[in-house]
Amino acid sequence: MATHPRTSPAPVPDRALCLVTGASGYIGGRLVPELLDAGHRVRCLARTPANLQGHPWADRVEVVKGDVTDAASLRHAFHDVDVAYYLVHSLGSGHGFEETDRRAARTFAEQAHAAGVRRIVYLGGLTPADVPERELSPHLRSRAEVGRILLDSAVPTTVLRAAVVIGSGSASFEMLRYLTERLPVMVTPSWVGTRVQPIAVRDVLRYLVGSATMPPDVDRSFDIGGPDRLTYRDMMVRYAAVAGLPRRLILPVPMLTPRLSSHWIGLVTPVPAALARPLAESLRYEVVCAEHDIAAYVPDPPGTPVSFDRALALALQRVQEARVTTRWSSASLPGAPSDPLPTDPDWAGGSLYTDERERTVEADPHALWQVIEGIGGENGWYSFPLAWAVRGWLDRLVGGVGLRRGRRDAQRLRVGDALDFWRVEEIERGSLLRLRAEMRLPGLAWLEMRAERDDAGRTRYRQRALFHPRGLAGQLYWWSVAPFHAVVFGGMARNIARTAERRAGARKDA
């Protein structure tokens, strides 16, 4: 608990202005509509504001460009803000992430105080009570330190500490789901016997929203969890039961370290090793709630906290109905390319190689667009499936995201969506889809697909792959794969056009 002196702050008004950081992420993207439904006003801080445009709540919020490490942008973002939600962290990836987290938290707290923010709310990780902080994994240690920095600030702070979050699209849920569904017999790490206290994502959101209006003298952390304390083995067994699967045989093996576990998870599930490792590290320790004091400020309605089995059933229902609003892949992994496509082909940054294809399509542009927007995931990439699969496996082997991320929605895309090892950079609905590569490459890559009419009124499909090499390795990469472009990109253009024509013909015959 913080020990700094404070003047008596005013209570947060019922209709507060809430600043949400991390609104493009899994929790932040779900918190925004909950705050709006509770009657609050919302302002979102985003490094790339365009990534929020496709959300159904985008026209109900104010979006400001900025970053939690940039004091100037925070000063602008904090103007008139009552409550600030800190929902960003580095996932423990990359060198120096702890210092980045530390600096960001301090900057955030200092600027919040200077702007007169009345409360900070932070979602952190539940840590084991009997393990010294220095012995925790870097990921858990950093999450704990961020919470401590915010509590030691001059702004009343609520720190919510959660273990495993269960909800459609959460990394923990998808890891559990794929491990259980794909492996009827599992050789598992020893941490499957460690107890954790999972919590349904809807309870996390309820506590986050309720924290906005806590009394001004509340300045502390709260453990939040569901009613069940389970081992990971229990969780897999119960998932199989809820999903209607045969009982799984689970064989723990003590020599699987967190590093080996993360690669094992990366091979079996869509969750890449870079994200799986902090999740696996957090499962090494027993993490259960030591108190439920949050109920004094955010009372539990009947039926809450949601049980583990109920949380699983709700998540599975959302997946089956294709109503997953956000996924763990909603936010970019640290180190993933984020540079926008340069508008000038003679970009001062160096060479920009292109592979361009065009085809006339015997279908209207709308039919062609439906094929374009449905690309990836279960629908695949319309050419040489083995080549795409091999490229995905190679990416996973070097720590990349691979092809298994799939897509959030089977029919619709929005800016910022992850799409296998691409991310949606731009959409002009009905005419343009631009994807930015997030696979491990010695350079930056994009893929553009367009549906349009030519001067004669015919439907044209235009496709362009672009690559900006980084150094000699990038040059060698481009020229080494160039011989395969006719098969991969040529086949893609041909098959997308044929699929649109086939679907258009089927509609005419119906």
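Source: prediction; values computed, not measured.
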Checklist entry - Going through the distances and angles, do Asp300 and His292 end up as a side chain to side chain donor-acceptor pair (under 3.5 Å)? => result CA-CA 10 Å; Asp300 295 323; His292 188 53; 2.6 Å; yes
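Residues Asp203 and Arg206 are paired through a salt bridge, judged by an N-O separation under 4.0 Å between the basic side chain and the carboxylate.
Checked by atom type and distance alone, the side chain of Glu291 pairs as donor or acceptor with a backbone atom of Asp223 at under 3.5 Å. For the pair Thr304 (side chain) and Pro301 (backbone), a donor-acceptor distance under 3.5 Å is present. At distances below 3.5 Å, not a single donor-acceptor pair connects side-chain atoms of Asn51 with backbone N or O atoms of Ser24. In this structure, Asp228 contributes its side chain and Phe308 its backbone to a donor-acceptor pair below 3.5 Å. Side chain of Thr21 to main chain of Tyr85: a donor-acceptor pair is present (N/O by atom type, distance under 3.5 Å, no hydrogens or angles). No donor-acceptor pair under 3.5 Å is formed between the side chain of Arg436 and the backbone N or O of Leu444. Side-chain N or O atoms of Asp417 include one that pairs as donor or acceptor with a backbone N or O of Arg414 at under 3.5 Å.
By the ring pair (Phe, Tyr, Trp, His ring centres under 6.0 Å) test, Tyr178 is found to be paired with no residue, residues two or more places apart in sequence or in another chain being considered. The side chain to side chain contact (heavy atoms under 4.5 Å, CB included) test applied to Asp67 returns Arg47, Thr69, Asp70, not counting sequence neighbours.
Under the 6.0 Å cut-off for aromatic ring centres, Tyr297 and Phe222 qualify, their centroids lying closer than that.
Side chains of Thr326 and Arg30: a donor-acceptor N/O pair is present below 3.5 angstrom, by distance only.
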